[in-house]
Participant: 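The following block contains the structure, expressed as structure tokens.
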Amino acid sequence: MATKIFVNLPVKNLNESVAFFTQLGFTFNSQFTDETATCMIVAEDIFVMLLTEAKFKTFTPKQICDAAKYTEVLVCLTSESREKVDEMVSKAVAAGGTTYNEPQDHGFMYGHGFQDLDGHIWELIFMEPGAINQG
């Protein structure tokens, strides 16, 4: 069973992406960083590898999806409160990202999200305690 997750995302400009996510409060592991890639720390066991498109192409024979036109993945992260969801979306927009949808309030779950500089969708959700039954 896996114990960590590494999401790999292609980016057009690595330095701009690092600056964008730094403004959102993320940090990076320098051990896995060079001019073609960086390892963004999301949580203790969750990482996002931001890879230049040239580097990303070395891992797959398929074409890279243009995330500005097509959705290839929805990255969804939980937040500690509704306010933290809105705060992160505001930070993303201030840093150059965009929103793609209005906030969604389902009572027990609240969500909103943003698109990063490359169009990747990042969903942020807050769920009321007990909303996830791990039975």
Side-chain angles (χ1 to χ4, degrees):
M1 167 113 357
T3 58
K4 297 185 187 305
I5 183 169
F6 288 82
V7 175
N8 294 268
L9 294 176
V11 298
K12 293 184 183 349
N13 186 308
L14 184 60
N15 291 333
E16 287 180 6
S17 292
V18 168
F20 173 81
F21 286 107
T22 297
Q23 289 181 58
L24 274 61
F26 291 100
T27 58
F28 301 85
N29 182 330
S30 61
Q31 183 179 1
F32 299 104
T33 298
D34 63 20
E35 66 280 350
T36 66
T38 190
C39 178
M40 185 170 77
I41 302 165
V42 176
E44 184 178 345
D45 293 324
I46 303 171
F47 308 91
V48 175
M49 295 298 300
L50 300 175
L51 308 168
T52 62
E53 289 183 344
K55 179 75 167 189
F56 192 89
K57 286 179 184 178
T58 68
F59 294 103
T60 179
K62 294 183 178 183
Q63 282 189 326
I64 294 175
C65 176
D66 181 350
K69 295 180 183 176
Y70 307 101
T71 301
E72 83 287 22
V73 65
L74 301 173
V75 180
C76 184
L77 303 173
T78 59
S79 293
E80 60 190 53
S81 69
R82 293 169 184 257
E83 294 77 23
K84 290 292 185 186
V85 168
D86 291 336
E87 180 182 314
M88 182 66 82
V89 172
S90 293
K91 283 182 181 179
V93 170
T98 59
T99 58
Y100 61 92
N101 203 352
E102 294 298 317
Q104 303 292 311
D105 192 340
H106 301 284
F108 71 96
M109 183 174 68
Y110 175 78
H112 199 197
F114 63 89
Q115 293 182 107
D116 66 21
L117 302 179
D118 291 282
H120 303 293
I121 293 177
W122 294 78
E123 294 184 327
L124 305 163
I125 61 168
F126 167 74
M127 288 187 280
E128 295 292 337
I132 298 177
N133 182 356
Q134 297 186 6

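Note: hydrogens, waters and symmetry copies are ignored here, and every other heavy atom, side chains too, is used. In this text the structure is predicted, and so the values were computed from the model without any measurement.
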Participant: How long is the span from the OG atom in Ser79 to the CD atom in Glu87, to the nearest 0.5 Å?
Facilitator: 9.0 Å
Participant: Does Met40 belong to the same Ile/Leu/Val/Met/Phe/Trp/Tyr cluster as Val7, with side-chain heavy atoms less than 4.5 Å apart forming each link?
Facilitator: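 Same cluster.
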Participant: Would you mind reporting whether Val89 and His112 have side-chain heavy atoms less than 4.5 Å apart?
Facilitator: yes
Participant: Distance-only criterion, 3.5 Å: show the donor-acceptor pairs between side-chain atoms of residues 115-122 and protein atoms not counting sequence neighbours.
Facilitator:
| unit_1 | atom_1 | unit_2 | atom_2 | d |
| --- | --- | --- | --- | --- |
| Gln115 | NE2 | Thr98 | OG1 | 3.2 |
| Asp116 | OD1 | Asp118 | N | 2.9 |
| Asp116 | OD1 | Gly119 | N | 3.0 |
| Asp116 | OD1 | His120 | N | 3.0 |
| Asp116 | OD2 | Trp122 | NE1 | 3.1 |
| Asp118 | OD1 | Lys12 | N | 2.9 |
| Asp118 | OD2 | Ser17 | OG | 3.4 |
| His120 | ND1 | Glu72 | OE2 | 2.7 |
| His120 | NE2 | Pro10 | O | 2.8 |

Participant: Determine whether Thr3 and Asp45 satisfy the following criterion, side-chain contact (heavy atoms from CB on, under 4.5 Å), listing intermediate values before the conclusion.
Facilitator: CA-CA 7 Å; Thr3 58; Asp45 293 324; 5.9 Å; no
Participant: To check you understand the geometry: which heavy-atom pair defines the closest contact between Glu35 and Leu14, and what is its length?
Facilitator: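 Closest approach of Glu35 to Leu14: O-CD2, 3.7 Å.
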Participant: Which heavy atom of Thr71 sits nearest to which heavy atom of Leu74, and what is that distance?
Facilitator: CG2-CD2, 3.7 Å
Participant: How close do Phe28 and Ile41 get, heavy atom to heavy atom, and via which atoms?
Facilitator: C-CD1, 4.1 Å
Participant: Which heavy atom in Phe6 sits nearest to a heavy atom in Cys39, and how many Å separate them?
Facilitator: CE2-SG, 4.3 Å
Participant: Is the closest side-chain heavy-atom distance between Lys4 and Phe47 below 4.5 Å?
Facilitator: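 Counting from C-beta outward, Lys4 and Phe47 do come under 4.5 Å.
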Participant: I need the Asp86 CG to Lys91 NZ distance, nearest 0.5 Å.
Facilitator: 12.5 Å
Participant: Stepwise, does the side-chain contact (heavy atoms from CB on, under 4.5 Å) test hold for Leu24 with Met88?
Facilitator: CA-CA 7 Å; Leu24 274 61; Met88 182 66 82; 3.7 Å; yes
Participant: Is there a path from Leu9 to Ile5 through hydrophobic residues (I, L, V, M, F, W, Y) whose side chains come within less than 4.5 Å of each other?
Facilitator: yes
Participant: Looking at side-chain heavy atoms only, is the closest gap between Asp66 and Lys69 below 4.5 Å?
Facilitator: yes
Participant: Is the shortest side-chain N to carboxylate O distance from Lys57 to Glu53 below 4.0 Å?
Facilitator: no
Participant: How about Asn13 and Thr52: do any of their side-chain heavy atoms sit closer than 4.5 Å?
Facilitator: no
Participant: Check whether any side-chain N or O of Thr60 sits under 3.5 Å from a backbone N or O of Lys62 as a donor-acceptor pair, and report yes or no.
Facilitator: yes
Participant: Show, in sequence, the C-alpha distance, side-chain angles and deciding distance for Cys76 and Ile125, and conclude whether the side-chain contact (heavy atoms from CB on, under 4.5 Å) test is met.
Facilitator: CA-CA 7 Å; Cys76 184; Ile125 61 168; 3.9 Å; yes
Participant: With heavy-atom distances below 4.5 Å as the criterion, would you say the side chains of Ile64 and Phe56 are in contact?
Facilitator: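 They are in side-chain contact.
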Participant: Do Phe126 and Met109 land in one hydrophobic cluster if side-chain heavy atoms of ILVMFWY residues count as linked below 4.5 Å?
Facilitator: no
Participant: Give the intermediate values and the outcome of side-chain contact (heavy atoms from CB on, under 4.5 Å) for residues Val11 and Leu51.
Facilitator: CA-CA 6 Å; Val11 298; Leu51 308 168; over 6 Å; no
Participant: To check you understand the geometry: which heavy-atom pair defines the closest contact between Val85 and Gly111, and what is its length?
Facilitator: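 Looks like CG1-C, 4.3 Å.
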Participant: Indicate the ring-plane relationship of Phe21 and Phe26, choosing parallel, tilted or perpendicular according to the 30° and 60° boundaries.
Facilitator: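 Geometry flag for Phe26 against Phe21: perpendicular rings.
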Participant: Of all heavy-atom pairs between Arg82 and Tyr110, which one has the smallest distance, and what is that distance?
Facilitator: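 Looking at all heavy atoms of both residues, the closest pair is NH1-CB, 3.5 Å.
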Participant: Hey, could you give me each pair passing ring pair (Phe, Tyr, Trp, His ring centres under 6.0 Å) that has a residue in residues 83-107? Not counting sequence neighbours.
Facilitator: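 For residues 83-107: none.
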